[in-house]
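What follows is a single structure, written as structure tokens, with notes after it.
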Amino acid sequence: MARDEVDRIIVEYPKYVNGNAKADQRVYGANNASQLIASFANDEVLASVASAYNREPTRTAFTLAARMPAMTGNQGSGEGWHRDAFLRQFKAIIYLSDVGPDNGPFQMIRDSHRRSHVLGDMKAAKLKYMQYRLDDQDIARILTSEPDRLITYTAPAGTLILVDTSTVHRGMPIKAGTRYALTNYYFPQNRIDQSMYEKFDVLPAA
Ligand SMILES: O=C(O)CCC(=O)C(=O)O
């Protein structure tokens with residue numbers, strides 16, 4: 001089972017368990033330590049969807065394996081509301097555990113990646129130019145007039161979410177249980193290089 005693979009990798013590769021996030025236990029490059037996870041990383045259908053979205057040849061640079069236990073004061077997966085980029089950033093997230101409202105579901109502000117909304121949201125929440133991180137008050141301001149833009153992805157284990165993380169998003173703080181997920185990070189092939197692997201401290205292939 002993929003969830004057992006996540007547990008195994010966290011035990012076997014402590015050096016690569018990312019220490020930046022407090023509650024979140026993350027290993028970037030889990031696809032290099034598990035054939036099962038590699039099969040998700042290298043899925044051809046997903047790569048073709050990512051390539052179509054980016055309009056250029058695109059593939060998984062690495063897969064993040066993440067285990068998120070409920071801990072007091074946690075900020076959720078990704079450490080609060082943010083966008084990864086202002087340009088397209090395609091990711092495929094698969095839940096490996098059932099994710100209800102208390103289990104840290106992925107949340108997103110609909111259309112927040114669209115140029116038209118980037119400016120409107122900046123105004124509504126008084127954001128700075130190119131501000132990547134938002135607090136709860138910023139989000140409340142954006143949602144005041146359009147509350148239905150908040151999407152919360154509660155879903156059973158096995159659910160696949162295809163998302164552009166240049167939208168404003170987060171994993172909701174987790175209150176109960178342990179959330180398991182894999183995330184493929186897609187990039188245009190010609191942008192994948194050693195510096196990217198160093199930036200994320202990616203577990204190298206054996
Ligand atoms: O896993 C999630 O629900 C969100 C993760 C996230 O925001 C991130 O890694 O940038």
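As the structure lists them, so they are numbered: ligands from 1, and atoms in each ligand from 1. Not measured: the values here are computed from a predicted model. Quick note: numbers below take in every heavy atom, side chains included, and nothing from hydrogens, waters or symmetry partners.
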Ligand 1 atoms in contact with G171 (distance to a heavy atom under 4.0 Å) =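 Those atoms are 3 (O), 4 (C).
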
Among the heavy atoms of K91, does any lie under 4.0 Å from an atom of ligand 1?
->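 Judged by the 4.0 Å heavy-atom criterion, K91 does count as contacting ligand 1.
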
Is T165 in contact with ligand 1, taking contact as a heavy-atom separation below 4.0 Å?
->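 The answer is no: ligand 1 sits nowhere under 4.0 Å from a heavy atom of T165.
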
For the residue pair R55 and R88, establish whether any side-chain heavy-atom pair is separated by less than 4.5 Å.
->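 Sidechains of R88 and R55: in contact.
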
Write out the residue and atom name of the closest protein heavy atom to atom 5 (C) of ligand 1, then the distance separating them to 0.1 Å.
->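 Protein heavy atom at minimum distance: S77 OG, 3.3 Å.
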
Please report which non-hydrogen protein atom sits nearest to atom 1 (O) of ligand 1, along with the residue it belongs to and the distance in Å to one decimal place.
->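 It is R179 NH2, 2.6 Å.
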
Going by the ring pair (Phe, Tyr, Trp, His ring centres under 6.0 Å) test, which pairs reach into residues 114-148, not counting sequence neighbours?
->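 Counting only pairs at least two positions apart or across chains, the ring pair (Phe, Tyr, Trp, His ring centres under 6.0 Å) contacts touching residues 114-148 are F86-Y132.
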
Atom 9 (O) of ligand 1: which of M68, R26, H82 has the nearest heavy atom?
->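 Heavy atom nearest to atom 9 (O) of ligand 1 belongs to R26.
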
Can you name the residues that form a ring-ring contact (aromatic ring centres under 6.0 Å, His included) with F62, not counting sequence neighbours?
->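 Once residues adjacent in sequence are excluded, the partners of F62 under the ring-ring contact (aromatic ring centres under 6.0 Å, His included) criterion are Y28, Y185, F200.
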
Hey, could you give me the NE2/CD1 distance between H169 and I109, rounded to the nearest 0.5 Å?
->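 Taking NE2 in H169 and CD1 in I109, the distance rounds to 11.0 Å.
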
Output the distance between atom CG (L182) and atom OG1 (T63), rounded to the nearest 0.5 Å.
->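 So the CG of L182 and the OG1 of T63 are separated by 7.0 Å.
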
